[in-house]
Amino acid sequence: MEKTDAEEAFRRFLDERPALETLEKFQELMMRYGAAIREVRTKFEVLNDEFSFRTSRNPIESISSRIKKPASIVEKLRRQGFPLTIDSIEQNLNDVAGIRVICSFIDDIYMVADLLAKQDDITVIRTKDYIFRPKQNGYRSYHMIVEVPVFFSDEKRPMRVEIQLRTVAMDFWASLEHQMKYKKGSADRPDIAAELRSCAETIAATDARMLGIRKRIEQLQKDED
Ligand code: 0O2
């Protein structure tokens, strides 16, 4: 569906209901997702600070986040055949709140994902390891859907957040591939798809070599001590 159609659908969704009340509930839900993002982001920042204090190395290069746009929320609910209601957003969509964690090395991804998963207020709903099993097009990343409790004035509410963890190199590939998907048709051409896959493999091999170099340096430092 074109973005303009999705925006139109969102407008119709508002028209079909007492608009102001629905809009207020929608904005409240987005505020809750924003709060959930801050909770999870802080957890990653704390892990990064602690690791950097102990080892003088940052496993996390950067963290970014986004709340899914209203038009994309409506488009996804419609595509998956779910009702267009506020409750349905919370019940059926896992990726309204999204965090992307860019790590230095591949082993950092699994370390920070594991440390987050072990925290007793985090419930891991699902993981997808596109590093161990890359997508057909070459996409690599580690995805987690987690639930985190957020304390509001009148209740403690579990909120879902989608987390994507990847290396700087994987992010470089995913960002450019994502941009090129919108250059109509070309990314579907077999020669271009093969070239993209080949770039992803080169990047994966470089990630593995960089990790190897880091481990050799760590070993040399240990031998010296
Ligand atoms: P946006 O705008 O990035 O948020 P689900 O979310 O579970 O209903 P799915 O497809 O099973 O849907 O989830 P999956 O496979 O975990 O992928 C979700 C997100 O990962 C996508 O979000 C992308 O951000 C990213 N992703 C997945 N595959 C690719 C890929 O081939 N290339 C790139 N560049 N990114 C990818 P959305 O939904 O596309 O939207």
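For ligands, and for the atoms within them, numbers begin at 1 and follow the listed sequence.
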Output, in order, the C-alpha distance, side-chain angles, deciding distance and verdict of salt bridge (charged side-chain N to carboxylate O under 4.0 Å, His left out) for E45 and R41. CA-CA 6 Å; E45 285 169 352; R41 190 188 183 106; 3.3 Å; yes
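- Of all protein heavy atoms, the one closest to atom 6 (O) of ligand 1 is K76 NZ, 2.9 Å.
- A salt bridge is defined here as a Lys NZ or Arg NE, NH1 or NH2 lying under 4.0 Å from an Asp or Glu carboxylate O, and R78 with D5 fails to meet this definition.
- Close approach of ligand 1 to H178 (heavy-atom distance below 4.0 Å) involves ligand atoms 34 (N).
- Atom 21 (C) of ligand 1 has as its closest protein heavy atom Q164 NE2, 4.1 Å.
- With salt bridges taken as basic N to acidic carboxylate O contacts below 4.0 Å, none links E162 and K128.
- There is a protein heavy atom less than 4.0 angstrom from atom 8 (O) of ligand 1.
- Note that atom 39 (O) of ligand 1 has no protein non-hydrogen atoms nearby, at separations under 4.0 angstrom.
- Salt bridge status for K43 with E39: absent, with no side-chain N to carboxylate O gap under 4.0 Å.
- Contact atoms of ligand 1 toward D95: 6 (O) (distance under 4.0 Å to a heavy atom of the residue).
- Electrostatic pairing of R214 and D107 counts as a salt bridge here, judged by a charged N lying under 4.0 Å from a carboxylate O.
- With rounding to the nearest 0.5 angstrom, the CD1 atom of I145 is 4.5 Å from the CG atom of N94.
- Counting atoms of ligand 1 from 1 in the listed order, those under 4.0 Å from a heavy atom of Y130 are 14 (P), 15 (O).
- Distances below 4.0 Å separate heavy atoms of E177 from the following atoms of ligand 1: 30 (C), 32 (N), 33 (C), 34 (N).
- Residue-environment remark: CD (E155) exceeds the threshold of 12 foreign heavy atoms within 6.0 Å.
- Taking every heavy atom of K128 and a limit of under 4.0 angstrom, the matching atoms of ligand 1 come to 9 (P), 11 (O), 13 (O), 14 (P), 15 (O), 16 (O).
- Classification of R32 and E28 as a salt-bridged pair holds, one side-chain N sitting under 4.0 Å from a carboxylate O.
- Here is the list of ligand 1 atoms found below 4.0 Å of a heavy atom in A174: 34 (N).
- Salt-bridge check for D95 with R160: failed, with every basic side-chain N at 4.0 Å or more from each acidic carboxylate O.
- Shortest contact from atom 18 (C) of ligand 1 to any protein heavy atom: E162 OE2, 3.5 Å.
- Residues Y142 and Y110 bring their aromatic ring centres within 6.0 Å.
- What sits closest to atom 31 (O) of ligand 1 on the protein, heavy atoms only, is N137 ND2, 2.7 Å.
- Salt-bridge formation is detected for the pair E75/R79: a Lys NZ or Arg NE/NH1/NH2 atom is positioned less than 4.0 Å from an Asp or Glu carboxylate oxygen.
- Each of the atoms 7 (O) of ligand 1 lies under 4.0 Å from some heavy atom of R126.
- Residue, atom and distance of the protein heavy atom nearest to atom 1 (P) of ligand 1 are R66 NH2, 4.1 Å.
- Ranking protein heavy atoms by distance to atom 35 (N) of ligand 1, first place goes to Y139 CE1, 3.3 Å.
- Taking atom 17 (O) of ligand 1 as the reference point, the nearest protein heavy-atom neighbour is H143 CE1, 3.6 Å.
- Within the listing of ligand 1, atoms 4 (O) sit less than 4.0 angstrom from a heavy atom of K68.
- In terms of protein heavy-atom proximity, atom 28 (N) of ligand 1 is closest to K135 NZ, 2.8 Å.
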